Amino acid sequence: MWESVALTLAGTAGNNIGKVLQKKGTLILPPLSLKLKVVKAYASNQLWISGFLMDMCGAALMLTALSQAPVSVVQPIAGCGLAILCVFSHFYLKEVMNGLDWIAITLAGLGTIGVGVGGEEQKVDQIPLLNIPWLVLSIVILFVLLNTWLHMYKKQRREQELTGPEVIEEIIYGLESGILFGISSVISKMGFVMSEMGFPKIVVPAAISCSVCCSAVGFVYQTRGLKHGRAIVVSTCTSVASIVSGVVAGMIALDEHLPKAPTARFLLLLGWFFIISGVILLVSSTRLIARLPRPVQKFLKSNIERTHSIRRPGSARGKDAIPTTTIHTSSLHLLTSPTKEKA
């Protein structure tokens, strides 16, 4: 189990850091296209190539972890990618972090330990095939309801000429992208399980292909949410929805279950809670600090942040131009947002 935990952490770290390096490399590159000059420019950019290779290695490690451990273990730990990204951004990109950020990272780390201790390897003897159509139907109905709600909300906003943050739109797009990311992990795991059960080996690449397609659609929904809303709301909903949907779908489609031992079950549930809480706290820390009394704000601000402010008058975390990236599942899906969105 610990090997799968380590593979998941390494995979999500590779996904996150790789996407950041790619994003940083594209700052001096033209928009990606199939033109020969553009392809050569990307291929000759060491930063972009390094990020791309790390991203691919991360995806391979995540798939390896899914082949060895239940989705209920891999998917929540993959949600720690944001915490790993923050640590990398702090030490490599010199981004400023406050006290709540470190608390959130600690919670995510403790949650990972809880999942590793409480999780157990599960041998799937058969896939409950009758549950899969019901799962697919439930997801389709959920998406129909969410998109109907979104359509009615947009119509109401146009009629009333409302302005300001489109909260409902942010939440719906975040939920839809997170659900698709979680389902993509379950599809990949299903391919490995069916292969072990004696199905033709073609089921593995077929499942991975379906998983990538599912993640691509999730990326489209996520991009729409980021275009029309705030990254803090979209990223929170995406992270939580990907964890919850992955765990629930794994239990329905793969007959995964909670550990039978009370202590292991408690540690696993506590780990899930810590990881979700850490992710939510991490993406909302700056806004939370802004609402706290001034003495508490000063206490939570790190010495590094104060030094940074002294060296660069008027600078703040919310004005940092360095982009950040969040990866939410084993496939190649991505959330890219300017840091100012978090503030």
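Values reported hereafter were calculated over all heavy atoms of this structure, with side chains retained and with hydrogens, waters and symmetry mates removed. None of the values given here were measured: they were computed from a predicted structure.
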Checking [X] now: which residues fulfil side-chain contact (heavy atoms from CB on, under 4.5 Å) with it, not counting sequence neighbours?
X	result
L36	K40
L270	F266, F274
A264	P259, A261
M54	I17, L21

Minimal non-hydrogen separation, [X] against [Y], with atom names:
X	Y	result
F181	S242	CB-CB, 4.2 Å
L61	A10	CD1-CB, 3.8 Å
Q75	S185	OE1-OG, 2.7 Å
V71	G246	CG1-O, 3.4 Å
G250	V186	N-CG2, 3.8 Å

Answer whether the closest heavy-atom distance between the side chains of [X] and [Y] falls below 4.5 Å.
X	Y	value
I172	Y153	no
V279	V240	no
I139	F143	yes
L142	L175	no
M251	L258	yes

Can you list every side-chain hydrogen bond (donor to acceptor under 3.5 Å, both in side chains) pair that touches residues 133-149, not counting sequence neighbours? N147-E176
By ring pair (Phe, Tyr, Trp, His ring centres under 6.0 Å), which residues pair with F192, not counting sequence neighbours? none
Joint hydrophobic cluster, [X] plus [Y], side-chain heavy atoms closer than 4.5 Å:
X	Y	value
I171	V220	no
I77	I84	yes
V5	V247	yes

Which residues share a side chain to side chain donor-acceptor pair (under 3.5 Å) with S177, sequence neighbours left out: T238
With a 3.5 Å distance limit and no angle check, can you tell me whether S211 reaches the backbone of A207 through a side-chain donor-acceptor pair? no
Using a side-chain heavy atom cutoff under 4.5 Å and only I, L, V, M, F, W and Y, what cluster partners does L130 have? none
Return each pair, listed once, that meets ring-ring contact (aromatic ring centres under 6.0 Å, His included) where at least one residue sits in residues 52-87; pairs must be two or more places apart or across chains. W48-F52
Atom pair CE/CG of M62 and L9 - distance to nearest 0.5 Å: 9.0 Å
